[in-house]
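Here the structure is laid out as structure tokens; the discussion comes afterwards.
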2 protein chains.
Amino acid sequence: MPTLTFKLNDHLYVRDPQHTQLGLRIISKSIEMIDELGFEQFTFKKLAHEIDSTEASIYRYFENKHRLLLYLIAWYWNWLEYRIDIFTSAVADPKEKLRACLRVIAEEKKYDPTFEFVNEEALHRIVIAELDKTYLTKGVDGYNQEGLFGGLKSLCKKISGIILQINPTYEFAPSLVSTILVTANQQLFFANHLPTLTALKADPERYQKLYNFLENMAFRSIQA
Amino acid sequence: MPTLTFKLNDHLYVRDPQHTQLGLRIISKSIEMIDELGFEQFTFKKLAHEIDSTEASIYRYFENKHRLLLYLIAWYWNWLEYRIDIFTSAVADPKEKLRACLRVIAEEKKYDPTFEFVNEEALHRIVIAELDKTYLTKGVDGYNQEGLFGGLKSLCKKISGIILQINPTYEFAPSLVSTILVTANQQLFFANHLPTLTALKADPERYQKLYNFLENMAFRSIQA
DNA sequence: CGATAAATGATAGTAATGCTATCATTTCAG
DNA sequence: CTGAAATGATAGCATTACTATCATTTATCG
């Protein structure tokens, strides 16, 4: 099986980490470490030590640790859209298309061997815990101009399009979609840490219940 | 008019800032500064300088800057619930009650002279930009045990109760409410910075449109 | 194969941050 | 008026997030 790579926005990195051994180790190990330590406790120094390299070398791939996070999360959105494309391409009915999207969004994330160097399960935990740090920063507008949020925006646009096929008069398509994308992660976080804020429980069925919640919210919101 | 104060959880502070001049200045000025600088750029050293005090003195009120943020945002949720109580107490019909809640949640936040030392407009911007930093941290579980998220949880419970009055069979009440509370802020942020992710525009009518979005989503989701 | 450039490693240094600690001074309460 | 509480002043410290420099290894290409 060929190892696929995503073409991510140039500004996310200094040197493309997908093209070298060291780059791939940086991605691989940083996912592991951010997942374990949390983004605040994670440092390039610690990462360098773990991959038997140096801080300086890592800085040759990523301008700073925030851009690395932007990179990883952009990768995640690309991966999600790639999965959504797989599961919607053969579907004609827009309602079924939307259901397929929601299934991909709500499903438990597991290691995808198509991308050897990425542990999607850990990456999903990173997205859950750190997503907001990508855009909730004084630099948003600049990042946005550089196109660093292209992955999320593209996904949002795609799903909004499907919703408008179902009901062309629905006024809030992009708001509903961004709400769904963000809340899917948030509800899983609440299930683990703030259970009073969610109807989900920290059990294996939570992904199914999350799907039910999102499907109910989406289809009822958009009905004419 | 008497100046009201909220009884906030003891663990949020070392010494209660509402009881002293210096404490009130810390609250007042920190809101201003976090709003301007963002939470990352904000430091106790800078704050000390602005209020003509010292770093050490501020540490006598707040264990660290993260607890100060928790304090401010807890205050905000208390204030929101207080406003919701005002606007729902006289209303009998649960549907109207829910509408009143959504109006308070979606409305433009303005300075409330009941609380002289708090600029609610700035505080709302802080909530929009920094809310997630209160719970998206490795320390959540500890904070939660200390009861530091009581304000948000209480609000969520109250509104969930109203929803269950409208439809006792709705399965996802707390999820819907937490989604609404979080998304209300998020959509306003997107309107200002990532407009492709929202149907709102960065204009004065955005609060009305936000209300419409939330009302549509809420009432349709919970209908039997 | 050898020369040259590119990539990486090794090491050092710096300003800022997030504290902690100590002691002196002011303010307040009984 | 006295003692305690609150505040100020100052110093210090480990860590972080970089930047800079130079040496060494590795890949590339004629």
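Proteins come first, then strands; the chains are lettered A, B, ... in the order of their sequence lines, and each starts at number 1. The model shown is predicted, which means the values in this text are computed figures rather than measured ones.
For B:R60 and D:dA4, the CZ to P distance is 18 Å, given to the nearest whole Å. Atoms CZ (B:R25) and P (D:dG8) sit 7 Å apart, rounded to a whole Å. Between A:F44 atom CZ and D:dT15 atom C1' the separation is 16 Å, expressed in whole Å. At whole-Å resolution of the value, CG in A:D52 and C1' in C:dA10 are 14 Å apart. Taking atom CD of B:E63 as the reference point, atom C1' of C:dA21 lies 16 Å away to the nearest angstrom. When rounded to the nearest whole Å, the span between CG of B:L22 and C1' of C:dC28 equals 15 Å. Following rounding to the nearest Å, A:N64 (CG) and C:dA15 (P) show an atom-to-atom distance of 20 Å. Taking atom CD of B:E55 as the reference point, atom C1' of C:dG18 lies 7 Å away to the nearest angstrom.
Taking a cutoff of 4.0 Å between a charged side-chain nitrogen and a carboxylate oxygen, A:K133 and A:E40 qualify as a salt bridge. A salt bridge does not link B:R25 with B:D52: every distance from a Lys NZ or Arg NE/NH1/NH2 to an Asp or Glu carboxylate oxygen is 4.0 Å or more. Ionic pairing of A:E36 and B:K138 is not present here: no N-O contact between side-chain nitrogen and carboxylate oxygen is shorter than 4.0 angstrom. For B:K110 and B:E120, the salt-bridge test fails: no basic side-chain N is under 4.0 Å from an acidic carboxylate O. Between B:R83 and B:E107, at least one side-chain N (NZ, or NE/NH1/NH2) sits under 4.0 Å from a carboxylate O, which counts as a salt bridge.
Distance from the side chain of B:T54 is smallest for D:dG8 among the nucleotides C:dG9, C:dT17, D:dG8. When distances are taken from the side chain of B:Y61 to each of C:dT17, D:dT7, C:dC19, the shortest belongs to D:dT7.
With the nearest nucleotide of DNA chain D identified for both A:E40 and B:I51, B:I51 has the one nearer the 5' end.
Contacts of B:Y59 with the nucleic acid, taken as non-hydrogen atoms under 4.0 Å apart, include base atoms. As judged by a 4.0 angstrom heavy-atom cut-off over every strand, A:F62 is placed among residues making no nucleic acid contact.
Distances shorter than 4.0 Å separate none of the side-chain N or O atoms of B:S53 from OP1 or OP2 on D:dT7. A close approach under 4.0 Å does occur between a side-chain nitrogen or oxygen of B:K65 and OP1 or OP2 of C:dG18. The side chain of A:S57 contributes an N or O atom lying less than 4.0 Å from OP1 or OP2 of C:dG9.
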